Amino acid sequence: MTEHTGTEIAMITGASSGIGLELTRRLLSEGWEVVALNRTGFSQDDAQVRDAIKTRRLREYKADITDFAALRRALGEIKSAEARLDVLFNNAGGSFPELAFSKQGRELHYELQTVAPYAIMMELKELLKKGRHKTVVGTSTNAFQTYRQFHPEELPHPPSFRKLIGPYAATKLALSLWTREAAPSLAKEGILIRSVDPGANNTLRSDKQSGLPVVVRLMMKLFFPPPTRGASRLYEGAFGRSPRETGVYLSHNQVKELKFTGQGKEVLQQVQAIYEREFAGGQGPKLP
């Protein structure tokens, strides 16, 4: 088990590219230790990352977090090896070009961006309770702001697919809704939780097929800032002007009202039931 060093420890999912990588670099530069949970490994061309791995200031665990068997194994390794976590950044996400499903049979965005972050948080609660900040930050979006209706029951098996404003945006909204709903119970355990919109960032990768509409990809390439901006917003979401607020949704570093909050309880019950039934087998931790 990694011993207490006095250094603060952050865990970041999806830390090997884009916003997650820039957040990793920032925290390492400020003296943090980083626990990374990635599907793909870090580039060996990055000297800062390479040196941090060598000195164990950056510790990497591997899993496709949409695969419950792989995720369960990786989280077991983290719980065995790490002494505490000060902050958890549930950052892993992505936009897929077509309707696809996880190994558990649910829509892939939903498994990745709504269900897996809940399972990760629940499994790592005890490590967070041993930390200093005891804070969870989920990466959300503002792409759902145009929604006029929202149907939580359709999240696992959506009847149609649209790039960006379809399952991608709906499952990010669901993340923010269960975050808001779970916050009072988590506060009883001393844990704060927030969801953060990182804004528009150029996170295009040449090795990955994009799930974004053509016009958005073009705008991203020509006009969007680098992912350092999104990393900064996640950082501010954890430590900035709202450090003691919980359950809030932050956009442009401001607390914003969420749509469809009346359906938040349904979303939380949905992800909690999946976690308890399929991930924890009825034996895992529960919200107080």
Side-chain angles (χ1 to χ4, degrees), residues 8 10-14 18-27 30 32 86-95 109 113-114 117-118 121 128 132-150 152 164-165 168-187 190-203 212 216 219-220 223-265 267-268:
E8 292 176 303
M11 177 170 159
I12 305 173
T13 66
I19 292 170
L21 177 58
E22 295 304 328
L23 181 60
T24 297
R25 287 171 172 157
R26 176 167 181 172
L27 291 171
E30 294 183 2
W32 284 69
D86 295 293
V87 181
L88 167 61
F89 290 95
N90 261 324
N91 168 72
S95 57
H109 292 94
Q113 300 182 156
T114 310
Y118 184 84
M121 177 197 71
L128 283 163
R132 298 171 188 169
H133 298 283
K134 299 178 177 65
T135 298
V136 180
V137 175
T139 299
S140 188
T141 186
N142 66 357
F144 52 71
Q145 294 296 348
T146 59
Y147 279 13
R148 294 185 178 180
Q149 54 185 351
F150 173 61
L164 187 61
I165 59 172
Y168 172 83
T171 57
K172 289 287 192 180
L173 171 59
L175 168 74
S176 291
L177 288 172
W178 78 242
T179 293
R180 181 180 183 273
E181 200 69 26
S185 293
L186 291 169
I191 296 172
L192 303 173
I193 186 168
R194 295 181 277 278
S195 63
V196 178
D197 164 29
N201 295 260
N202 184 356
T203 55
L212 298 172
V216 175
M219 290 177 62
M220 182 178 285
F223 303 115
F224 287 11
T228 47
R229 183 170 79 169
S232 177
R233 289 188 175 174
L234 294 186
Y235 183 97
E236 289 299 312
F239 312 114
R241 64 182 66 184
S242 305
R244 304 308 304 172
E245 292 193 75
T246 191
V248 294
Y249 163 69
L250 298 168
S251 184
H252 298 278
N253 295 328
Q254 302 283 337
V255 176
K256 301 290 186 180
E257 289 295 322
L258 268 176
K259 289 185 169 185
F260 310 107
T261 55
Q263 292 164 284
K265 185 176 181 180
V267 174
L268 177 59

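Computed from a predicted structure; not experimentally measured.
For the pair Asn91/Leu234, a side-chain contact is recorded, criterion being any heavy-atom separation below 4.5 Å from C-beta on. Inter-residue side-chain proximity for Pro152 and Phe260 is flagged as unmet; no heavy-atom pair is nearer than 4.5 Å. Put simply, the side chain of Lys134 does not reach to within 4.5 Å of the side chain of Asp86, judged on heavy atoms. Met11 has its side chain out of reach of Val87: every pair of non-hydrogen atoms, C-beta onward, lies at least 4.5 Å apart.
Every residue was checked against the side-chain hydrogen bond (donor to acceptor under 3.5 Å, both in side chains) condition with Arg180, not counting sequence neighbours, and none meets it. Taking Glu30 as the reference, Arg26 meet the salt bridge (Lys or Arg N to Asp or Glu O under 4.0 Å) condition, with sequence neighbours excluded. Shown here are the side-chain hydrogen bond (donor to acceptor under 3.5 Å, both in side chains) partners of Ser251, two or more places apart in sequence or in another chain: Asp197. Shown here are the salt bridge (Lys or Arg N to Asp or Glu O under 4.0 Å) partners of Glu181, two or more places apart in sequence or in another chain: there are none. Tyr249 is linked by a ring-ring contact (aromatic ring centres under 6.0 Å, His included) to Phe144, counting only residues two or more places apart in sequence or in another chain. Residues satisfying the side-chain hydrogen bond (donor to acceptor under 3.5 Å, both in side chains) test with Ser176, not counting sequence neighbours, are Ser140, Ser195.
In this structure, the separation between CZ on Phe89 and OG1 on Thr139 is 8.5 Å, given to the nearest 0.5 Å. Interatomic distance, Thr179 OG1 to Leu175 CG, rounded to the nearest 0.5 Å: 4.5 Å. If you take CG on Asn142 and CG on Leu173, they are separated by 11.5 Å, rounding to the nearest 0.5 Å. Going from atom OG1 of Thr141 over to atom CG of Leu164 covers 6.5 Å, rounded to the nearest 0.5 Å. For the atom pair CG (Leu186) and OG1 (Thr135), the distance works out to 11.0 Å, reported to the nearest 0.5 Å. Taking OG1 of Thr228 as the start and CG of Leu21 as the end, the distance is 11.0 Å to the nearest 0.5 Å.
With hydrogens and angles disregarded, a donor-acceptor distance shorter than 3.5 Å links the side chain of Thr171 to the backbone of Tyr168. Side chain of Lys259 to main chain of Gln145: a donor-acceptor pair is present (N/O by atom type, distance under 3.5 Å, no hydrogens or angles).
Contact check on Arg25 versus Glu22 returns a salt bridge, with a Lys/Arg side-chain nitrogen under 4.0 Å from an Asp/Glu carboxylate oxygen.
Across Phe150 and Leu177, no two heavy atoms sit closer than the pair CE2-CD1, 3.5 Å. Of all the heavy atoms in Ala10 and Leu27, the pair that sits closest is CB-CD1, 3.7 Å. The shortest heavy-atom contact between Trp178 and Pro117 is CZ2-C, 4.0 Å.
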>> Arg233 vs His252, test: side-chain contact (heavy atoms from CB on, under 4.5 Å). Steps then yes/no.
In response: CA-CA 7 Å; Arg233 289 188 175 174; His252 298 278; 3.2 Å; yes
> Is there a ring-ring contact (aromatic ring centres under 6.0 Å, His included) between Trp32 and Tyr235 once you walk through the steps?
Replying inline: CA-CA 13 Å; Trp32 284 69; Tyr235 183 97; 7.7 Å; no
>> Quick one, Met121 with Leu88, criterion side-chain contact (heavy atoms from CB on, under 4.5 Å). Give me CA distance, side-chain angles, the key distance, then yes/no.
In response: CA-CA 8 Å; Met121 177 197 71; Leu88 167 61; 4.3 Å; yes
>> As a quick check of understanding, evaluate side-chain contact (heavy atoms from CB on, under 4.5 Å) for Val255 and Leu250, giving each step before the final call.
In response: CA-CA 5 Å; Val255 176; Leu250 298 168; 3.4 Å; yes
>> Assess the residue pair Arg194 and Val136 against the criterion (side-chain contact (heavy atoms from CB on, under 4.5 Å)); give the C-alpha distance rounded to whole Å, side-chain angles, the decisive distance to 0.1 Å, and a yes or no.
In response: CA-CA 6 Å; Arg194 295 181 277 278; Val136 180; over 6 Å; no
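Of the candidates Thr13, Val137, Ile193, Thr13 is the only one forming a side chain to side chain contact (heavy atoms under 4.5 Å, CB included) with Asn90.
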